[in-house]
Amino acid sequence: MLAAKVNGEVRDLTRPITEDATIVFHKWEDKEGKTTFWHSSAHLLAETLEALFPGIKFGIGPPIENGFYYDVDTGDRPLTAADIPAIEQKMLELARAKSEYNRREVSKAEAVQYFTEKGDEYKLELLEGLEDGQITFYEQGNFVDLCKGPHIPSTEPIKAAKILNLAGAYWRGDEKRKQLTRVYAITFPKQKELDEYMHLLEEAKKRDHRKLGQELELFMFSEKVGQGLPMWLPKGTALRTRLEDFLKKEQIKRGYTPVITPHIGSKQLYVTSGHWEKYGEDAFRPILTPAKDEVFLLKPMNCPHHCEIYGYRPRSYRELPVRIAEFGTVYRYEQSGELHGLTRVRGFTQDDAHIFCTEDQLKEEFLGVLDLTRFVLAKMGFDQFTAQISLRDPDNKEKYVGSDENWRKAEQAIIDAAAEVGLPTVTELGEAAFYGPKLDFMVKDALGRSWQLGTIQVDYNLPERFNLTYIGADNQEHRPVMIHRAPFGSMERFTAVLIEHCAGKFPLWLTPEQFVVLPVSDRFTEYAHQVKHQLAAADMRGDVDDRNETIGRKIRDNELKRIPFLLIVGEKEVEAGTVSVRKQGEGDQGAVTVAEFAAMVQAQL
RNA sequence: GCCAGUGUAGCUCAGUGGUAGAGCAGCUGAUUUGUAAUCAGCUGGUCGGGGGUUCGAAUCCCUCCACUGGCUCCA
């Protein structure tokens, strides 16, 4: 037992209960138990660091989803990987002392005095935000920390510890302030659990899309081409093209109109849209021409172009909603430290569309987009995702364009639509786009990092900025509402997450190569090619591995390439007109005729 | 952009001041193969780029570039 929930509040097991209370005990298996365990471990880590590096100063040290961290200021002597073994060792040594975690209520003056004497300005700053009478210290061994708790009774159950990594982190998350060293770590009550966790991390690394992208020859980067500018190799292109075709077809069914727009636009376009003012300085530099004062920008978004398409002639209420769709490639100068495989790049293609509709149609259109997005995710086998509603930060309205009334309407439309379909959501203030609130679908990558995939945004503002109108039944001009949406988000990020989601074993309808025919020896190569052509005629994709290698080698190589079906052909198969089917990861499935195999695969598509 | 780390052959990696290495891949040849690596030979590197220290630098220092882990940012 690690902690107790008393009347809904998680507390120390050792803290006396002075009122009538409902009590729930938390063990390691509970989220609350782990959180308390890791929070206490953070204090143990701090005690360790203080013992090893006297004079070290402490920021904050909270538990996180997997483990905990502590932000520290080590002065002139940086922490490095070489320090890790000593830290881990000392941590366990201190844990074995079985120090009790003792809670103590202190006055603000007492707390300020303590940290002033200790010289820890970070704790003093934290104290500034706390009210007298609410302040508690926790003490274990030789370490005292400002902390509201709760904690486990003693360090005794902490049996295994691992420093996961060292990273920089700005104090209070503010890039203008000092950067502290963030020590990430995790602890367990048993060594075996730590071993299992480390094994899990290893397995996750194996499905990292950057690694699989290289192994499966899906995409590449080149220093000469530039940072964050992926190039899709033939197999990656085959995969991506199928994703695009799938969505294009579905969008046609749902009343979208495909368009194509250029990769650049005049600066004036982005002044109108507001992007110039908001992002001009942080974007790729403007493109100049021989003509004086002529300035173009690489397009960072497709919406301004689509607004121009909407506005190229008068629109009647009868033709709304207008749904303009484009797989549009955009370029954004992301900070160099942000680039990450295919998930964060500087040139990428959005499966973008902009829906222009009346206010009355807004809800239905939004619901339609929600349905499309969920249809797409389901088709790809994503059942684990969260939906995040991103609203404006009400305390920083100057970061956004548009009137309060428009924002109120837009935010309400998203909240209502999500509630209507029963979509579980979390709401984040301050995460909205500058022109409107968003509903984002978030998924996690193999290493637990969360990425935004599909996005739906309600926008009252760009239609105003572009002076977009339609003529209503009353023969008056009205302002349409705009929905920005991208079910995949971007082809790059979606592909990355898909690679990791299926560990490179793509669904049959998407995979670049569905089969490879493996002749047992070169006497059967001709038959192998016949098989391939028969299957190609049945609309299947694949090739012949006619290298002069043993069958065992060919099987191994093609298994590693995650080919769904290996078709082995030798003497027996040639005579019987069959193929021996070997399914990826599942071994020999026996012999069937080529037609039977084709039918079997068709049935699975 | 910031903090820390990494950069050696196509890939994975060894080499820490004294003649650049291994396995795999590739090429050539032999082998004609029955369900996850046949054998042999050969090729392949301005040790990320530039500058410096040194008799001598993959190795030490500076700088730039790229990548990795975070932070900040993300139209």
Side-chain angles (χ1 to χ4, degrees), chain A residues 69 71 74 78-82 164-184 205 208 210-211 214-215 217 220-224 226-228 270 273-280 282-283 299-304 330-341 343-346 350 352 400-401 431-436 438 440 447 449 451-452 455 457 459 462 484 493 518-525 548-560 566-573 580-591:
Chain A
Y69 66 80
D71 284 346
T74 51
L79 279 182
T80 68
L164 295 170
N165 56 57
L166 304 168
Y170 298 108
W171 171 234
R172 307 214 114 176
D174 184 344
E175 65 176 324
K176 291 180 188 68
R177 305 200 61 180
K178 181 158 182 169
Q179 197 157 41
L180 307 180
T181 304
R182 179 165 294 177
V183 184
Y184 285 90
K205 273 185 191 163
D208 188 312
R210 292 166 297 185
K211 187 175 163 64
Q214 182 184 64
E215 284 175 11
E217 300 187 300
M220 63 167 283
F221 292 89
S222 151
E223 273 190 44
K224 281 205 191 81
Q227 222 183 349
Y270 300 103
S273 70
H275 291 102
W276 172 256
E277 191 189 357
K278 181 84 182 168
Y279 295 102
D282 302 317
K299 75 174 172 189
M301 291 203 76
N302 302 299
C303 36
V330 297
Y331 299 89
R332 299 177 185 175
Y333 190 78
E334 306 290 0
Q335 296 184 49
S336 61
E338 269 314 319
L339 301 173
H340 181 92
T343 53
R344 195 81 187 268
V345 289
R346 285 178 172 168
Q350 298 177 307
D352 213 356
Y400 309 91
V401 298
E431 294 291 311
F434 77 94
Y435 51 74
K438 311 190 284 184
D440 295 327
L447 296 170
R449 290 171 290 214
W451 298 97
Q452 173 201 314
T455 181
Q457 306 168 8
D459 182 2
L462 281 189
H484 308 241
R493 181 175 295 172
L518 310 181
V520 166
S521 86
D522 60 12
R523 292 190 287 132
F524 313 110
T525 303
N548 181 10
E549 289 291 351
T550 60
I551 191 66
R553 160 52 73 100
K554 292 183 195 178
I555 287 168
R556 178 183 157 79
D557 289 350
N558 287 288
E559 282 276 348
L560 289 174
L566 304 184
L567 306 177
I568 291 137
V569 296
E571 190 85 47
K572 286 178 284 186
E573 288 77 11
S580 278
V581 179
R582 187 188 162 101
K583 199 167 177 183
Q584 209 274 331
E586 295 176 27
D588 193 357
Q589 311 283 302

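Convention: sequence-line order gives letters A, B, ...; per-chain numbering from 1.
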Inset, instruction - List for me each residue that meets side-chain contact (heavy atoms from CB on, under 4.5 Å) alongside A:R556, sequence neighbours excluded, and say none if there are none. - result: A:L560

Legend entry - Nearest to side-chain heavy atoms of A:A167, which nucleotide of B:rG69, B:rC74, B:rC73: B:rG69

Inset, instruction - Taking atom C1' in both B:rG15 and B:rG45, compute the distance separating them and give it to the nearest angstrom. - result: 14 Å

Inset, instruction - Using the C1' atoms only, state how far B:rU46 lies from B:rC39, rounded to an integer number of Å. - result: 35 Å

Legend entry - C1'-based separation of B:rG50 from B:rU12 [nearest Å]: 28 Å

Inset, instruction - Tell me what A:A81 touches on the nucleic acid: a base, only sugar-phosphate, or nothing, going by heavy atoms under 4.0 Å. - result: nothing

Inset, instruction - Could you encode protein contacts along nucleotides 33-45 of chain B as a string, one character per nucleotide from 5' to 3', using B for base contact, S for sugar-phosphate-only contact and - for no contact, with a heavy-atom cut-off of under 4.0 Å? - result: BBBBBB-------

Legend entry - For atom CD of A:E175 and atom P of B:rC73, their distance in whole Å: 7 Å

Legend entry - For A:W451, ring-ring contact (aromatic ring centres under 6.0 Å, His included) partners two or more places apart: A:H340

Inset, instruction - Could you give the distance separating B:rG10 and B:rG49 at their P atoms, to the nearest angstrom? - result: 13 Å

Inset, instruction - Considering just the side-chain nitrogens and oxygens of A:Q227, establish if one lies under 4.0 Å of OP1 or OP2 belonging to B:rA66. - result: yes

Legend entry - C1' gap between B:rG44 and B:rA20, integer Å: 13 Å

Inset, instruction - Round to the nearest Å and state the distance from A:H275 atom NE2 to B:rC74 atom C1'. - result: 12 Å

Legend entry - Whole-Å C1' distance, B:rC42 and B:rC24: 16 Å

Legend entry - With A:Y170 via ring-ring contact (aromatic ring centres under 6.0 Å, His included) - residues at least two apart: none

Inset, instruction - Examine B:rC74: is either OP1 or OP2 under 4.0 Å from a nitrogen or oxygen in the side chain of A:R346? Give yes or no. - result: no

Legend entry - Non-neighbouring partners of A:F524 that pass ring-ring contact (aromatic ring centres under 6.0 Å, His included), sequence neighbours left out: none

Inset, instruction - Test the A:R346-A:Y331 pair against the cation-pi criterion, namely NZ or CZ under 6.0 angstrom from the six-membered ring centroid and within 45° of the ring axis. - result: no

Inset, instruction - Pick base, sugar-phosphate or nothing for A:Y69, based on heavy-atom distances below 4.0 Å to the nucleic acid. - result: nothing

Inset, instruction - Say whether, by atom type as modelled, one donor and one acceptor occur between the side chain of A:Q179 and the main chain of A:R177 under 3.5 angstrom. - result: no

Legend entry - Between C1' of B:rC67 and NZ of A:K224, the distance in whole Å: 17 Å

Legend entry - N or O in side chain of A:R449 less than 4.0 angstrom from B:rG69 OP1/OP2: yes

Inset, instruction - In whole angstrom, give me the gap between the C1' atoms of B:rG48 and B:rA66. - result: 7 Å

Legend entry - Contacts of A:S580 that satisfy side chain to side chain donor-acceptor pair (under 3.5 Å) - sequence neighbours left out: A:E573

Legend entry - A:S336 or A:D282, whichever maps to the more 5' nucleotide of RNA chain B: A:S336

Legend entry - Rounded interatomic separation in angstrom, taking CZ from A:R344 and C1' from B:rG1: 12 Å

Legend entry - A:R172 and A:D174 ion-paired at < 4.0 Å: no

Legend entry - Listed partners of A:D352 passing side-chain contact (heavy atoms from CB on, under 4.5 Å), at least two apart: A:N302, A:Q350, A:H354

Legend entry - Side-chain (A:E559) to main-chain (A:G585) donor-acceptor, under 3.5 angstrom: yes

Collect all protein-nucleotide pairs involving nucleotides 6-11 of chain B in which both atoms are nitrogen or oxygen and the distance is under 3.5 Å.
| unit_1 | atom_1 | unit_2 | atom_2 | d |
| --- | --- | --- | --- | --- |
| B:rC11 | O3' | A:Q214 | OE1 | 3.4 |

Inset, instruction - Tell me what A:G274 touches on the nucleic acid: a base, only sugar-phosphate, or nothing, going by heavy atoms under 4.0 Å. - result: nothing

Inset, instruction - Can you figure out which of B:rA66, B:rG69, B:rC2 approaches the side chain of A:R210 most closely? - result: B:rG69

Inset, instruction - For B:rA9 versus B:rA4, give the span between their P atoms, rounded off to a whole number of Å. - result: 27 Å

Inset, instruction - Look at all strands and tell whether A:K438 reaches a base, only sugar-phosphate, or nothing, counting heavy atoms closer than 4.0 Å. - result: sugar-phosphate

Legend entry - Whole-Å gap separating C1' (B:rC71) and CG (A:D71): 9 Å

Legend entry - N or O in side chain of A:H340 less than 4.0 angstrom from B:rG69 OP1/OP2: yes

Legend entry - Nucleotide opposite B:rG17 in a Watson-Crick or G-U pair, distances under 3.5 Å: none

Inset, instruction - For A:E277, enumerate each residue passing the side-chain contact (heavy atoms from CB on, under 4.5 Å) test, keeping only those at least two apart in sequence or located in another chain. - result: none

Legend entry - Of the listed nucleotides B:rG69, B:rC2, B:rA4, the one nearest the side chain of A:P78: B:rA4

